[in-house]
2 protein chains.
Amino acid sequence: MPGNLDRRVRRTRQAIQRALVELILEKGYEAVTVTDLIDRADVGRSTFYAHFDGKQAVLFSNLSEIAFLHPPISADGPLFAFSLAMFEHVLEQRDLVRALLGRRSGRVVMAHGEQLLQDLIRDELLARGAGRSTSLELVVTCVVGAFMALLSRWVDEELTATPAELDAAFHAAVGPGVRAMLAQA
Amino acid sequence: MPGNLDRRVRRTRQAIQRALVELILEKGYEAVTVTDLIDRADVGRSTFYAHFDGKQAVLFSNLSEIAFLHPPISADGPLFAFSLAMFEHVLEQRDLVRALLGRRSGRVVMAHGEQLLQDLIRDELLARGAGRSTSLELVVTCVVGAFMALLSRWVDEELTATPAELDAAFHAAVGPGVRAMLAQA
DNA sequence: TGCATTACCGAACAGGTTGTTCGAGAGGAG
DNA sequence: CTCCTCTCGAACAACCTGTTCGGTAATGCA
């Protein structure tokens with residue numbers, strides 16, 4: 001009994017989540033209405049609102065399924081080692097990630113994804129000896145921005161590349177600058 | 001007679017544009033309705049639709065007022081010299097830029113801003129001898145992402161820094177990596 | 001298996017938003 | 001001063017949202 005939930009509940013929730021991903025990929029997040037959603041999921045209106053507050057809540061419930069956004073922090077070993085593994089995982093769940101973080105996604109979820117990444121990167125730099133400061137925050141922002149931009153354009157298929165190529169480009173772009181900063185501290 | 005337009009037209013359009021910026025800063029783009037807009041601008045409903053197709057059209061008409069998004073490309077001199085000037089200009093029109101590119105803005109306008117910046121940066125790298133390739137595109141994406149992330153968090157006041165500090169952080173983060181790439185080619 | 005519990009359906013509802021239409025009236029250009 | 005253009009505001013159909021409710025089915029457990 002996965003999740004210790006009534007089977008009906010599981011089925012209903014999954015149908016709704018799946019439907020949202022499909023619809024986002026078809027029309028874009030903004031254009032998807034709750035009516036679309038319950039129609040596609042084949043679920044009663046009242047049932048929908050019994051489970052979610054609105055379409056945004058469905059979106060976040062989906063986001064929590066992307067577990068690889070929480071990798072362990074590595075203080076030694078190569079810088080930003082999470083990157084390659086993350087691109088590889090994304091490849092496996094491309095549709096879901098595209099719906100959540102791609103061009104057709106919504107503003108809120110993007111911001112949430114950025115927040116997760118931001119904490120991850122800041123923690124790694126702190127573990128590598130950087131001091132808490134405004135300039136650290138600025139660098140973290142740059143690194144997050146670079147990574148998210150790659151991810152977004154990739155899942156939207158504006159970029160054709162393998163995970164290894166993306167990883168290489170990411171490290172080539174921000175690696176030298178970050179290493180120089182760490183060396184100073 | 002600025003713009004060779006009827007004074008009434010000028011007044012109406014300006015009132016609407018101004019109202020949208022105010023309302024975005026107050027409630028966020030998504031939450032602003034056309035009804036809010038015409039109410040705040042004190043303009044008749046039919047008048048609004050005589051000028052714009054909807055709130056998104058108003059947003060884009062505002063975006064074209066940010067002229068400093070189109071600086072000249074510099075092939076010699078320091079790398080990414082546009083950056084400092086851009087941050088300084090943003091400081092002068094903070095509210096407008098925050099409404100357009102900050103956290104409360106809409107997805108579409110962000111994408112448009114990224115597009116402008118992307119072309120700018122790609123052109124500069126090409127002028128500095130980089131060859132058209134997938135890996136160039138990847139690097140451009142990283143640089144754009146880093147810059148936009150700084151800009152967004154700054155106008156939202158999540159970061160407290162001077163234009164000079166932002167410029168320094170931007171160059172420190174992506175400068176070394178980009179220079180290394182250019183040296184190879 | 002039987003039964004109490006829980007979830008679902010679907011229709012109906014009030015309240016809000018959108019985009020359009022139209023005639024009357026005010027404002028600007030020349 | 002006059003003509004032309006712009007604006008007003010009300011009214012409209014169409015759509016979306018979030019909630020309510022009684023009836024119906026599925027489920028979990030003893």
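So you know, we letter chains A, B, ... as the sequences are listed, proteins then strands, and number each from 1. Just so you know, these numbers use all the heavy atoms, side chains as well, and skip hydrogens, waters and symmetry mates.
Going from atom CD of B:Gln14 over to atom C1' of D:dC6 covers 17 Å, rounded to whole Å. A straight line from CG of A:Asp6 to P of C:dT5 spans 15 Å, rounded to a whole angstrom. As rounded to whole Å, 16 Å separates atom P of D:dA25 from atom CZ of A:Arg11. Rounded to a whole Å, the CG atom of A:Leu5 is 10 Å from the P atom of D:dG28. Between A:Arg10 atom CZ and D:dT27 atom C1' there is a gap of 10 Å when expressed in whole angstrom units. Rounded to an integer number of Å, the gap from B:Leu37 CG to C:dT17 P is 13 Å.
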(request) Step by step, work out the side chain to side chain contact (heavy atoms under 4.5 Å, CB included) result for B:Phe82 and B:Leu117. (result) CA-CA 10 Å; B:Phe82 66 87; B:Leu117 205 60; 4.3 Å; yes
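Distances shorter than 4.0 Å separate some side-chain N or O of B:Thr35 from OP1 or OP2 on C:dT18. For B:His51 and D:dT7, the shortest distance from a side-chain N or O to OP1 or OP2 is below 4.0 Å. Contact annotation: A:Tyr49 side-chain N/O to D:dG18 OP1/OP2 distance is under 4.0 Å.
Listed by residue number, the members of residues 38-48 of chain B with any heavy atom below 4.0 angstrom from DNA chain C are B:Arg45, B:Ser46. Listed by residue number, the members of residues 19-33 of chain A with any heavy atom below 4.0 angstrom from DNA chain C form an empty set.
The closest donor-acceptor contact from the side chain of A:Lys55 to the backbone of A:Tyr29 lies under 3.5 Å.
At the heavy-atom level, A:Arg8 lies under 4.0 Å from base atoms of the strands shown.
Residue whose closest nucleotide on DNA chain D sits further toward the 5' end, between B:Arg13 and A:Val34: B:Arg13.
In terms of hydrophobic clustering, with Ile, Leu, Val, Met, Phe, Trp and Tyr side chains grouped at heavy-atom distances under 4.5 Å, B:Phe170 and B:Leu84 are assigned to different clusters.
Remark: the B:Arg13 side chain and the B:Gln17 side chain contain no N/O donor-acceptor pair separated by less than 3.5 Å. A donor and an acceptor atom, one from each side chain of A:Gln14 and A:Arg18, are located under 3.5 Å apart.
Salt-bridge annotation for B:Glu137 and B:Arg122: present, with a side-chain N of the basic residue lying under 4.0 Å from a carboxylate O of the acidic one. Note on B:Glu22 versus B:Arg40: salt bridge recorded, some NZ/NE/NH1/NH2 to OD/OE distance being below 4.0 Å. Between B:Asp156 and B:Arg153 there is no salt bridge, since no side-chain nitrogen of the basic residue lies less than 4.0 Å from a carboxylate oxygen of the acidic one.
By the 30° and 60° cut-offs, the orientation of the rings of A:Phe87 relative to A:Trp154 is perpendicular.
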